[in-house]
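Order of the sequence lines sets the chain letters (A, B, ...), proteins ahead of strands, with each chain counted from 1.
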2 protein chains.
Amino acid sequence: MNAPGSTKERILSAAEALFAQRGFDGASLRQLTAAAGVNLAAVNYHFGSKEKLVEQVFRRRLDALNADRLAALANVAGKPGTTLEDVLAAYIRPALELSHEGNGALFMRVLARAFAEHDDTLRQFLSENYGHVMRQFTAEFARLLPQLSKEELYWRIDLVTGALTHAMSGFGMIQRKRDVTEQEHREQTAQHLIRFALAGLSHP
Amino acid sequence: MNAPGSTKERILSAAEALFAQRGFDGASLRQLTAAAGVNLAAVNYHFGSKEKLVEQVFRRRLDALNADRLAALANVAGKPGTTLEDVLAAYIRPALELSHEGNGALFMRVLARAFAEHDDTLRQFLSENYGHVMRQFTAEFARLLPQLSKEELYWRIDLVTGALTHAMSGFGMIQRKRDVTEQEHREQTAQHLIRFALAGLSHP
DNA sequence: GATCAGTTCAAACGATCGTTTGAGCATACG
DNA sequence: CGTATGCTCAAACGATCGTTTGAACTGATC
């Protein structure tokens, strides 16, 4: 829709980086438009307000991420041979790929901020637009973990979500070593996350 | 040191609640002092600046929390009969008790925000003042999990930390049911967290 | 070349921010 | 009583915030 070098795209990328670094309140439109190399009034012209810009920053990444997740889930959901690990991979790998491409890692930090903000407007937006994704994954987890009560399953999914958000947003201390490629490192990270989540979900 | 109804204490409590709700930037000194029922200038008079007020909000809770954690760890560290569960309990239970007393739950949300902020000044303050606590626990984990490489252990501790921060700050959907007491609910929560962390740390 | 929608621009708007000031108040000590 | 000290208060400071405005510029259409 938008050319990659267009004013809208330049604003979105600069906003993503500044929101990750300074937060939604902390990043001013003057810093933001200066970093993007556009006029101050361009944000209100193209997006209407700062709040709607925040929404678009989320939409640009989450639409793609959740489409990838649902596509991966569709390949395994409901099938007899499917393992818990398959479902976890469908959930984790798309997020991990996003966090390793371009400014994706910055967006993950924006997402972690949004979780911490507890802002009702933003939470409602996320729930309305992407809540069905989490619901589909939860249903598949329930199918593969029939021995868990609903309460127990919710507890475990909640804790796994916390661990993943924490890890994806780059809080962690783990850095790629010089002697492994980017792709190898991503694969190692995916293995760590999946095995950890597997243990947390299915322990006796 | 400070009387419980003193101006300083009133400011600290109001700051804790407002920082949890609106963030460090989002909560203004005018909202804050109005909620505390004190004059606007009282913050700068008693604390010097808004930033130093933030520091004191952390100090008031973390000094007590980490003292409790270290005391609990001292009871089990290095002893032959000690299990991984004992060490996890020493780490988790003091935080859980704090999050269930008075405004402690609000402080946990403040803490989760601080994690998400990535603010270097604040991170350095936390590392300098409370880093030794995490180091002592890590050493004890290493003793009880000798089969794990240092890298593997760091990975798992990091993910467990993410899950706990997430849970403690009240992101979770789990609410206490009407037919269980507050104390029973805390005990159930502790059991969930400890068993989850146990599985995440010690899985094969 | 005139017209017009789409976009960019510098400038200004009122509001709110953290901080500072100096007068006023209280209580305790000589 | 006089005065020193610790604290509170209303008011103001300059800075910065998100947003709005109206003119200038762009490129396509007739």
Side-chain angles (χ1 to χ4, degrees), chain A residues 1-60 110 113-114 117-122 125, chain B residues 1-60 110 113-114 117-122 125:
Chain A
M1 199 52 138
N2 301 319
S6 69
T7 298
K8 282 186 84 163
E9 283 295 326
R10 303 243 299 287
I11 290 175
L12 283 171
S13 291
E16 194 169 59
L18 262 176
F19 287 160
Q21 190 186 349
R22 305 199 196 273
F24 304 114
D25 285 345
S28 76
L29 293 187
R30 283 170 178 81
Q31 297 170 337
L32 202 157
T33 51
V38 305
N39 186 270
L40 168 61
V43 169
N44 282 278
Y45 176 78
H46 285 284
F47 297 94
S49 68
K50 185 180 182 180
E51 196 175 33
K52 288 180 182 172
L53 168 62
V54 173
E55 252 191 47
Q56 289 303 316
V57 168
F58 280 100
R59 270 199 200 285
R60 186 173 65 149
V110 174
R113 270 186 188 275
E117 297 268 345
H118 273 245
D119 179 277
D120 284 338
T121 307
L122 197 54
F125 165 78
Chain B
M1 200 52 137
N2 301 318
S6 69
T7 299
K8 283 186 83 163
E9 283 296 326
R10 303 242 300 286
I11 290 175
L12 282 171
S13 291
E16 193 169 61
L18 262 176
F19 288 159
Q21 190 186 350
R22 304 198 197 274
F24 304 113
D25 285 345
S28 75
L29 293 186
R30 283 169 178 81
Q31 298 170 337
L32 202 158
T33 51
V38 305
N39 187 269
L40 167 62
V43 169
N44 283 279
Y45 177 79
H46 285 285
F47 296 95
S49 68
K50 185 182 183 180
E51 197 175 32
K52 288 181 183 172
L53 168 62
V54 173
E55 252 191 48
Q56 289 303 317
V57 168
F58 280 100
R59 270 199 200 285
R60 186 173 66 150
V110 174
R113 271 186 187 275
E117 297 269 344
H118 273 246
D119 178 277
D120 283 338
T121 307
L122 198 54
F125 165 78

Atom-pair distance ([atom1] on [X]; [atom2] on [N]), nearest Å:
| X | N | atom1 | atom2 | result |
| --- | --- | --- | --- | --- |
| K50(B) | dC17(C) | NZ | P | 9 Å |
| L18(A) | dG18(D) | CG | P | 11 Å |
| K8(B) | dC7(D) | NZ | P | 9 Å |
| R30(A) | dC13(C) | CZ | P | 14 Å |
| N44(B) | dT21(C) | CG | C1' | 12 Å |
| F24(A) | dG18(D) | CZ | P | 14 Å |
| Y45(B) | dT8(D) | OH | P | 7 Å |
| L40(B) | dT8(D) | CG | P | 13 Å |

Looking only at heavy atoms, what is the nearest atom pair of K50(A) and L29(A), with distance?
CG-CD2, 3.9 Å
Non-hydrogen atoms of R113(B) and E117(A) that approach each other most closely:
NH2-O, 2.7 Å
Which nucleotide sits closest to the side chain of N39(B): dG18(C), dC9(D), dT19(D)?
dC9(D)
Between dT20(D), dT8(C), dG18(C), which nucleotide has the shortest distance from any of its atoms to the side chain of A41(A)?
dT20(D)
Taking only side-chain nitrogens and oxygens of [X], does any of them come within less than 4.0 Å of OP1 or OP2 of [N]?
| X | N | value |
| --- | --- | --- |
| T7(A) | dT8(C) | yes |
| S28(B) | dC17(C) | yes |
| H46(A) | dG6(C) | no |

